[in-house]
J.: 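One structure is given below, represented as structure tokens, and several questions about it will come after.
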Protein chains: 2
Amino acid sequence: MQRPLLSVQNRLLSALPPDDYRLVAPHLTQVDLERGRLLYEPGDRVDTAYFPHDGVISLMTLMENGAAIESATIGREGALGLMGAVSPRQSLSRAIVQTPTRAARIGASQLHEAWEKSAKIRVMVDMHTEALFGHAVQSVACNALHSVEARFCRWLLTCHDRITSDTVALTQEFLADMLGVQRTTVTAVARTLQEKGYIRYRRGVVDIISREGLEAVSCECYEVVRRNYERLLPQPSVDRARG
Amino acid sequence: MQRPLLSVQNRLLSALPPDDYRLVAPHLTQVDLERGRLLYEPGDRVDTAYFPHDGVISLMTLMENGAAIESATIGREGALGLMGAVSPRQSLSRAIVQTPTRAARIGASQLHEAWEKSAKIRVMVDMHTEALFGHAVQSVACNALHSVEARFCRWLLTCHDRITSDTVALTQEFLADMLGVQRTTVTAVARTLQEKGYIRYRRGVVDIISREGLEAVSCECYEVVRRNYERLLPQPSVDRARG
DNA sequence: CAAAGACTGTCGAGAACTCGACACAAATGC
DNA sequence: GCATTTGTGTCGAGTTCTCGACAGTCTTTG
């Protein structure tokens, strides 16, 4: 049975030449991941990789007191658990599904076999690792220097790039956790952004009204990370529109 | 001519089995890097890897306004430019010598050849990448959550682990840059730490008096990152005490 | 030795954010 | 339909850190 055409595909997979793609294709399973689904906790063995077609997966660093701060995000330009293709390893972070996500899933051992056979796949893993590292080091600086308002906008923009809708389901409480700030601070920031007409929000839902506005308030980090992905990861060569 | 015995060796190199070490040894050059030496700027081609024997190299993320925030550090437990062993690439960060550093240097292409021949070296690069990534994601959370005082202590402890002395040469001004805070804030924090008797400082020099004290004030991030390196990187199997 | 430069100490106003508290509103479950 | 849970709005005191300013001190250099 054939699944419907997918409007958007994972960029890493769609950039693979056909011969290389055939190495992984038979092992890919299409899955729908609901919001809040925990994919990895720190210390878990990385036994599966996920290539999102749309949606956002967050990598979160856990602290001893239970705080969980977002350290990077993964969308259709990347993959979760890709480093497990190189060798078995434990997750360093919590990986949690941020927005409902369609993804292609593959077992780490099967991905590893393809990785051994295909130079293109090895390059893909390598470049993705580099881009994800770039994402992390930019966030280190961002969290040290930039206001909650700027980081809030950066987060929304990054999310918006990776979903197909202008509406994001998230509570202010959860966003506060991810940014590592108080909920009351997020409430205040959300209010001023709404007054400026850049977003509209209601209980658990944010509508993005003006990307331009958000880009103006956001820090440079949004663009830096985005360009880094563009530079490192090849553009799609083929649109593989089936599951 | 034989160089004097080295009291400390780079841990990555000394953990390599003899056969694997022989692949890189002929190409290693011992160098002394003075404080402040710029090894890479963002965008530079990564053409050389450095394995510090002692001393600290900082990876710094540059912002558009010229700010430079430390996103990770590299000492004898790691190496700079190691990802260049896998494939040619550009540096994402500024890499600057923090304290006078003795290091073994090797060209990226020569390291790449060894990397192709030796599975042990590939594992070394892979594990180091993972540890460095862990360092970065922890710092993302640390900068979002922890006080300047805690981060100051964390920085001193990390530095102390990687040098052979209890004295660190650094100005408060420079440290303020690295932590991404005002100099006056660093001055205030340094004063309270000195009053507690944990450090002593004078113009451009900090003496570490009480590691225990610093550990108590530091955040958990110091230990988390340290343990991560311990877990991922093997302990020395041989002490190679010559250059 | 004098001058310049680099580093530190201190002050104070103000902004950003924390932290606890409580009221209210919307969604959910029975 | 009612009770419970969950998410939001707001308030206010308090803390941390910013940002500019300026004085003082140590070091280097000519």
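Chain A is the first sequence line, chain B the second, and so forth, proteins listed ahead of strands; every chain is numbered from 1.
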J.: Can you tell me the distance, in whole Å, between the NE2 atom of His146(A) and the P atom of dA16(C)?
T.: 14 Å
J.: Quick one: which of dG20(D), dA25(C), dG9(D) gets closest to the side chain of Tyr201(A)?
T.: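 Given the options dG20(D), dA25(C), dG9(D), the side chain of Tyr201(A) is closest to dG9(D).
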J.: Do the side-chain N or O atoms of Gln182(B) get closer than 4.0 angstrom to the phosphate oxygens (OP1, OP2) of dC19(D)?
T.: yes
J.: Show the nearest heavy-atom pair for residues Cys153(B) and Leu214(B), with the distance to one decimal.
T.: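 Minimum heavy-atom contact is CB-O, 3.6 Å.
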J.: What is the separation between atom CG on Asp177(A) and atom C1' on dT8(D), rounded to the nearest whole Å?
T.: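 For the pair Asp177(A) CG and dT8(D) C1', the rounded distance is 15 Å.
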J.: If each of Val181(B) and Thr171(A) is mapped to the nucleotide of DNA chain D with the nearest heavy atom, which maps nearer the 5' terminus, i.e. the 5' end?
T.: Thr171(A)
J.: Given atom CG of Asn143(B) and atom C1' of dT16(D), what is their separation to the nearest angstrom?
T.: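 So the two atoms are 15 Å apart, to the nearest Å.
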J.: Using whole Å, what does the distance between atom C1' of nucleotide dT8(D) and atom CZ of Phe174(A) come to?
T.: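 Spelled out: CZ on Phe174(A) to C1' on dT8(D) is 17 Å.
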J.: Taking atom types as modelled, find out whether Thr101(B) and Arg162(B) have a side-chain donor-acceptor pair closer than 3.5 angstrom.
T.: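 Result is no, nothing qualifies.
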J.: Across the strands shown, which category fits Thr184(B) at heavy-atom distances under 4.0 angstrom: base, sugar-phosphate, nothing?
T.: base
J.: To the side chain of Thr187(A), which of dA27(C), dT10(D), dC19(D) is closest?
T.: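 Of all the options, the side chain of Thr187(A) is nearest to dT10(D).
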J.: Name the closest nucleotide to the Glu173(B) side chain, picking from dT8(D), dT8(C), dT18(C).
T.: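 The nucleotide sitting nearest to the side chain is dT8(C).
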J.: Once you round it to whole Å, what is the distance between P of dT18(C) and CG of Leu145(B)?
T.: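 Value for this atom pair: 9 Å.
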J.: Can you check the Glu195(A) CD to dT10(D) C1' distance for me, whole Å?
T.: 13 Å
J.: Whole angstroms only, please: what is the CG-P distance between Leu175(A) and dG7(D)?
T.: 13 Å
J.: With distance as the sole criterion, do the side chain of Arg183(A) and the base of dG9(D) form a donor-acceptor contact below 3.5 Å?
T.: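 Per atom types, the contact qualifies.
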J.: Just say parallel, tilted or perpendicular for the rings of Phe133(B) and Phe133(A), cut-offs at 30° and 60°.
T.: tilted
J.: Atom CZ in Arg76(B), atom CG in Asn10(B): separation rounded to 0.5 Å?
T.: 9.5 Å
J.: Side chains of Glu149(B) and Thr192(B): do they bring a donor and an acceptor to under 3.5 Å?
T.: yes
J.: Taking only the side-chain heavy atoms of Arg191(A) (C-beta and beyond), determine which of dT10(C), dC26(D), dT10(D) contains the nearest atom.
T.: dT10(D)
J.: So Thr185(B), base contact, sugar-phosphate only, or nothing? Heavy-atom distance under 4.0 Å.
T.: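 The residue Thr185(B) makes base contact.
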J.: How close or far is atom C1' of dA6(C) from atom CG of Leu170(B), stated in whole angstroms?
T.: 15 Å
J.: Among dA6(C), dT18(D), dT8(D), which nucleotide has an atom closest to any side-chain atom of Arg203(B)?
T.: dA6(C)
J.: Nearest heavy atom decides the nucleotide; on that basis, is Ala144(B) or Gln172(B) closer to the 5' end of DNA chain C?
T.: Gln172(B)
